[in-house]
Q: 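Pasting a structure here, questions to come.
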Amino acid sequence: MAARSAARLSLLVVLALLAVLTAKADFDSQFEVIGDRDHIGYKDDGNGGQEFSLELDQESGSGFKSKNKYLFGEFSVRMKLVDGNSAGTVTSFYLTSGESSTHDEIDIEFMGNSSGQPYVMNTNVWASGDGKKEHQFYLWFDPSADFHTYKITWNPKNIIFEVDNVAVRTFKNYDDLPFPTSRPMEVHATLWDGSYWATQHGNVKIHWRHEPFVVSYRAYHANGCVHSKNSSRCPDGSDAWMHRELGDEELDTVAWAERNCLSYNYCADGWRFPKGFPGECGRK
């Protein structure tokens, strides 16, 4: 009996190790590491997929970025955020063309909270180095209690932000205003110390006694036009998102999110724009 139990235990250990190695191989096939690799965890999610986790401690933050670059696409991931006192932490899922003064970027960022306070989801768009287009939301659920799906759809007409298949924001392309249309972007996911701005405008700093801070990612999905050598190759079925704009029903959910969840709108921040709001603010 003891020998049989030991053999069963050994088999379970081997299977667990194989699951980790499979998850790591899947990760390495899609992503490059940002920061310390030993701050990234890999495991089977229990449903035949992989789960990746990022850790933040006083030594380092962590992250990953896609090996592919995309020029338009549909990108989503399921995330479970840092629980407890996450003040000062910033968890992100975003696209960026780089760090130049003319870069493009599409952001979903989660600014950590003191225990008992709501998380803030920050959305932003940069085009040709022009940013400062934030909409911030208090979500209608606790994003640290379970996994939820966050999605960015980027096409030549608009950018759509969704949470659990609920559209919460659309950013339209106007011919006379900057919009990301020409710079290929990589998909990034990071966890880092943003104490200087993340929580209550930087007034609440990270509490390292709560380290390590951990965020988990599942079901990463990128369905986009892969850019290589000055050309882009779009997958079959890309018309579904390439020409997507919100219909009346989805615009109603955006209006609902603005009424019930929006905590900051750059188009209402006269202090920030004393010489007048950005051009898109007065348009529908």
Side-chain angles (χ1 to χ4, degrees), residues 31-32 34-35 61 63-75 90-111 120-137 150-162 168-198 201-202 222 224-232 241-242 245 262-284:
F31 306 113
E32 296 178 2
I34 300 172
F64 54 88
K65 64 179 182 179
S66 64
K67 290 184 175 181
N68 286 333
K69 292 185 177 182
Y70 302 92
L71 191 61
F72 305 122
E74 185 179 67
F75 310 92
V90 179
T91 302
S92 69
F93 178 64
Y94 66 102
L95 292 90
T96 182
S97 66
E99 298 181 357
S100 74
S101 60
T102 58
H103 81 290
D104 294 341
E105 188 167 308
I106 305 169
D107 296 329
I108 295 178
E109 298 172 306
F110 298 91
M111 298 180 286
V120 174
M121 184 182 78
N122 181 53
T123 64
N124 197 8
V125 176
W126 291 76
S128 300
D130 178 25
K132 300 180 181 178
K133 303 181 187 301
E134 300 98 332
H135 279 188
Q136 297 177 358
F137 302 86
Y150 306 93
K151 181 177 178 181
I152 295 169
T153 301
W154 167 40
N155 63 39
K157 296 182 178 182
N158 59 181
I159 296 164
I160 302 167
F161 296 88
E162 293 175 84
V168 298
R169 182 184 183 185
T170 179
F171 184 87
K172 294 184 178 181
N173 182 8
Y174 297 101
D175 291 341
D176 58 333
L177 296 176
F179 188 87
T181 57
S182 60
R183 296 177 180 87
M185 294 198 264
E186 300 166 337
V187 185
H188 287 231
T190 57
L191 174 61
W192 53 284
D193 177 8
S195 289
Y196 70 93
W197 73 281
H201 306 290
C225 301
V226 176
H227 188 85
S228 177
K229 297 180 180 180
N230 299 317
S231 66
S232 294
W241 51 259
M242 183 64 82
E245 294 181 273
L262 190 66
S263 62
Y264 176 82
N265 178 357
Y266 73 105
C267 286
D269 191 345
W271 179 88
R272 192 177 187 186
F273 300 102
K275 296 182 179 180
F277 292 111
E280 67 273 8
C281 288
R283 306 185 190 184
K284 293 292 185 180

Q: Going by the rule side chain to side chain contact (heavy atoms under 4.5 Å, CB included), which residues pair with Lys67 if we only count those two or more places apart in sequence or in a different chain?
A: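 Lys67 satisfies side chain to side chain contact (heavy atoms under 4.5 Å, CB included) with Glu32 only.
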Q: Taking side chain to side chain contact (heavy atoms under 4.5 Å, CB included) as the definition, give me every residue that meets it alongside Pro278, ordered by chain and number, with sequence neighbours left out.
A: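 With neighbours one apart ignored, the set is Lys133, Tyr266, Phe273, Glu280, Cys281.
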Q: With Asn124, which residues qualify under side-chain hydrogen bond (donor to acceptor under 3.5 Å, both in side chains), at least two apart?
A: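 Asn124: no side-chain hydrogen bond (donor to acceptor under 3.5 Å, both in side chains) contacts found.
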Q: With sequence neighbours excluded, tell me which residues meet salt bridge (charged side-chain N to carboxylate O under 4.0 Å, His left out) with Glu105.
A: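 For Glu105, no residue satisfies salt bridge (charged side-chain N to carboxylate O under 4.0 Å, His left out) once neighbours in sequence are set aside.
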Q: With sequence neighbours left out, which residue pairs that include part of residues 170-185 fulfil the salt bridge (charged side-chain N to carboxylate O under 4.0 Å, His left out) condition?
A: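 Counting only pairs at least two positions apart or across chains, the salt bridge (charged side-chain N to carboxylate O under 4.0 Å, His left out) contacts touching residues 170-185 are Asp104-Arg183, Asp176-Arg283.
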Q: Who pairs with Thr190 by side chain to side chain contact (heavy atoms under 4.5 Å, CB included), at least two apart in sequence or on another chain?
A: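 Ile34, Ser92, Tyr94, Trp192.
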Q: If the condition is ring-ring contact (aromatic ring centres under 6.0 Å, His included), which residues does Phe93 pass it with, not counting sequence neighbours?
A: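 Testing Phe93 for ring-ring contact (aromatic ring centres under 6.0 Å, His included), a comparison that skips the adjacent residues, returns none.
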Q: What pairs with Ser100 under side chain to side chain contact (heavy atoms under 4.5 Å, CB included), at least two apart in sequence or on another chain?
A: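 Side chain to side chain contact (heavy atoms under 4.5 Å, CB included) check on Ser100 returns Thr102, His103.
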Q: Without hydrogens or angle criteria, can the side chains of Asp193 and Ser195 be said to hold a donor-acceptor pair below 3.5 Å?
A: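 Distance-only check passes for Asp193 and Ser195.
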Q: Under the side-chain hydrogen bond (donor to acceptor under 3.5 Å, both in side chains) test, which residues partner Ser97, sequence neighbours left out?
A: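 Testing Ser97 for side-chain hydrogen bond (donor to acceptor under 3.5 Å, both in side chains), a comparison that skips the adjacent residues, returns none.
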Q: Kindly write out the residues that satisfy ring-ring contact (aromatic ring centres under 6.0 Å, His included) with Phe161, not counting sequence neighbours, or none if the list is empty.
A: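 Expected list: none.
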Q: Considering residues at least two apart in sequence or located in another chain, which fulfil the ring-ring contact (aromatic ring centres under 6.0 Å, His included) criterion with Phe179?
A: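 With neighbours one apart ignored, the set is empty.
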Q: Looking at residues at least two apart in the chain, or sitting in another chain, which of them share a ring-ring contact (aromatic ring centres under 6.0 Å, His included) with Phe171?
A: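 Expected list: none.
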